[in-house]
Amino acid sequence: MKIALGSDHAGFKLKEALKGFLVSRNFKVLDEGTYSEDAVDYPDFARKVADDIKNKKADFGILICGTGIGMSIAANRIKGIRAALCLFPEMAKLARLHNDANVLVLPGRLISSELAQWIVEVFLSEKFEGGRHQQRVRKIEEME
Ligand code: RB5
């Protein structure tokens, strides 16, 4: 499974930590930057990762900015993207089970790397339940 990663400067350190974690778990990683702590604009990286999902260059995306809010707003503007800002593993689980989220968004300035790894692990191990949730996701798609 291939995971596209993107962050701004505020998410850079956590992105690097998660890259190592994902590789150690045998995931393939597509690192779309940023590549330092120099200030950048988070929408540029949201777009790159969202396009990777749209163009099937990656199965899932992970986006990180300071709060996770800007990345969520930006990524959810792209057709076909369901980006979920998750602060707890339970949110990540339900984002997959109920919302069929294809991008996990994390707040680099608000959670530890250990908690982020746990959230990522849960997000990547759960599957969409379908059923009653399918028509809800379809209704979201109809708004695009
Ligand atoms: C950057 O300072 C910060 O605004 C950004 O990382 C993010 O939190 C925006 O939502």
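Just so it is clear, the model here is predicted, and its values are computed rather than measured. Each ligand, and each atom within it, is numbered from 1 in the order the structure gives.
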Practice item. Specify whether H98 and H133 have parallel, tilted or perpendicular ring planes, treating 30° as the upper limit for parallel and 60° as the lower limit for perpendicular. Key: parallel

Practice item. Compute the centroid of each ring, for F27 and then for F21, and state whether the two points are separated by less than 6.0 Å. Key: no

Check your understanding: Is the closest basic N to carboxylate O distance between K19 and E16 below 4.0 Å?
Key -> yes

Review point. Does R96 come within less than 4.0 Å of D100, counting only side-chain N to carboxylate O?
Key: yes

Check whether [X] reaches the backbone of [Y] with its side chain - one donor and one acceptor, N or O, closer than 3.5 Å.
X	Y	result
N102	G80	yes
D8	A10	yes
N55	K57	no

Looking only at protein heavy atoms, which one is nearest to [atom], and how far off is it?
atom	result
atom 1 (C) of ligand 1	H9 NE2, 3.7 Å
atom 10 (O) of ligand 1	G70 N, 2.9 Å
atom 8 (O) of ligand 1	T67 N, 2.9 Å
atom 5 (C) of ligand 1	D8 OD2, 3.2 Å
atom 4 (O) of ligand 1	Y42 CE2, 4.7 Å
atom 2 (O) of ligand 1	R109 NH1, 3.4 Å

Practice item. Specify side chain, backbone, both or neither for C65, according to which of its non-hydrogen atoms lie closer than 4.0 Å to ligand 1. Key: both

**Study point:** For A10, the ligand 1 atoms whose distance to one of its heavy atoms is below 4.0 Å
**Key:** 6 (O)

Review point. Does G66 reach ligand 1 with a nitrogen or oxygen that is under 3.5 Å from one of the ligand's nitrogen or oxygen atoms?
Key: yes

Point to revise | G68, any N or O under 3.5 Å of ligand 1 N or O | key: no

